[in-house]
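A quick note: this is a predicted structure, and the numbers were derived from the prediction, not measured. In what follows, chains are A, B, ... by sequence order, proteins preceding strands, each numbered from 1.
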2 protein chains.
Amino acid sequence: MTSSGSGGLSEVDYEALANLRYRIRKFRQFSTKAAEKLGLTPQQHQALLAIKGLRSGAQMSVSMLAERLFVPTASAADLARSLEEHAYVIVDVKQRRRPILRLTDKAEEILRRLTPAHLYEIREMAPELLLALRVLQDHRRMEVAAWMQ
Amino acid sequence: MTSSGSGGLSEVDYEALANLRYRIRKFRQFSTKAAEKLGLTPQQHQALLAIKGLRSGAQMSVSMLAERLFVPTASAADLARSLEEHAYVIVDVKQRRRPILRLTDKAEEILRRLTPAHLYEIREMAPELLLALRVLQDHRRMEVAAWMQ
DNA sequence: TGATTTATATCGTATCACGATATATTTGCG
DNA sequence: CGCAAATATATCGTGATACGATATAAATCA
């Protein structure tokens, strides 16, 4: 039985954490496959989404892309070049110091095609995700709640 | 302004989706670094957690590991061997057909050290994650709610 | 202008994950 | 029993990719 020792870590915690990560992996897996079907690497897709998801007015530079994707600047630069080569972005070099990446119509179209399936997948995984989060937030209360119904 | 056209995709959706993925990446980034500090690759950590998170009684085989991590069986076998080499698991070959991976005390200790920080990180990201999920579930209601306060 | 700082680009390399294939074990059936 | 078929795991070579180190370019400021 669930021994919640002095460390405060119970088997319930581990199970919930493992489930949470499983759901995340499953979502990534789905997203990777979906992107690849349209000829994008997962990184390219995430980059496009990161640009698209900026509040209107905000502009995406290489270094900002690096921050948002948690990759070194060098990797973000590689990525930016590949996005440009595939005509997913145009690089606005009005100010050459901090070139701005702008989505092309091609990229917008791809996002329009990819996103609905993602929203569907998210709604699928949401219940399990929320359950795991709740358990990790306070599983003791959850256990009581489970008893009560 | 947020044009939610016939496609049903608004800028709010994209922003929420981008934020959701940003949070997931941030968590992964944290987890990767934390695991590496203890000498584990991210994959090794996820494998250990997947084993630890099994409901008591359940047993982890190579093929099951492959399923849970969404990797080919070959990759799971590589991983299993590396886990054994580092003495994170012992391979129970009572039935040689489907060897069972069991966590060693070393692995248990590592999980005990890694997990609290992960729970903390999860509690950190939870609010933003939940917000994004709610927006994607039904952002129109959210906008109204935002007006009202 | 020349020096300094900051941002991006280039390039070689090490790592890793995977596909193809081989091996081992169980099962089924004559 | 023994041999074939099915299933699970192991091995190995290779291509992709991400990254560190380094170079280049632009802005800032004295």
Could you see if L65(A) belongs to whatever hydrophobic cluster contains L40(A)? Use Ile, Leu, Val, Met, Phe, Trp, Tyr and a side-chain cutoff under 4.5 Å. yes
Common cluster, L101(B)/M64(B), ILVMFWY with side-chain heavy-atom separation under 4.5 Å: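 They do share one cluster, since a chain of ILVMFWY contacts under 4.5 Å joins L101(B) to M64(B).
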Just how far is it from atom [atom1] of [X] to atom [atom2] of [Y], taken to the nearest 0.5 Å?
| X | Y | atom1 | atom2 | result |
| --- | --- | --- | --- | --- |
| H86(B) | Q44(B) | NE2 | CD | 5.5 Å |
| R68(B) | I51(B) | CZ | CD1 | 11.5 Å |
| R28(B) | K33(B) | CZ | NZ | 12.0 Å |

Check the distance between [N]'s [atom2] and [X]'s [atom1] and give it to me in whole angstrom.
| X | N | atom1 | atom2 | answer |
| --- | --- | --- | --- | --- |
| L40(B) | dC16(C) | CG | P | 13 Å |
| L83(A) | dT8(C) | CG | P | 14 Å |
| R98(A) | dA26(D) | CZ | C1' | 13 Å |
| D92(A) | dT8(C) | CG | P | 13 Å |
| M60(A) | dA7(C) | CE | P | 15 Å |
| E85(B) | dC16(C) | CD | C1' | 15 Å |
| E36(A) | dA17(C) | CD | C1' | 13 Å |
| R81(A) | dT10(C) | CZ | C1' | 9 Å |

With a 3.5 Å cut-off and sequence neighbours excluded, list the donor-acceptor pairs that the side chains of residues 107-114 of chain A form with protein atoms.
unit_1: E108(A); atom_1: OE1; unit_2: K52(A); atom_2: NZ; d: 2.7
unit_1: E109(A); atom_1: OE1; unit_2: R112(A); atom_2: NE; d: 3.4
unit_1: E109(A); atom_1: OE1; unit_2: R112(A); atom_2: NH2; d: 3.2

With a 6.0 Å cut-off (strictly less than), is the heavy-atom count around NZ of K37(A), excluding the residue itself, greater than 12?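 Atom NZ in K37(A) is not crowded, with 12 or fewer foreign heavy atoms closer than 6.0 Å.
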Under the side-chain hydrogen bond (donor to acceptor under 3.5 Å, both in side chains) rule, what do S75(B) and D78(B) come out as? Steps first, then yes or no, please. CA-CA 5 Å; S75(B) 304; D78(B) 286 348; 5.3 Å; no
R25(A) vs L69(B) side-chain heavy atoms within contact, under 4.5 Å: yes
Which ones in residues 62-78 of chain A lie close to DNA chain D, meaning a heavy atom under 4.0 Å from one of its atoms? V71(A), P72(A), A74(A), S75(A), D78(A)
Pairwise N/O distances under 3.5 Å, protein to nucleotides 21-25 of chain C:
unit_1: dT25(C); atom_1: OP1; unit_2: R96(B); atom_2: NH1; d: 2.9

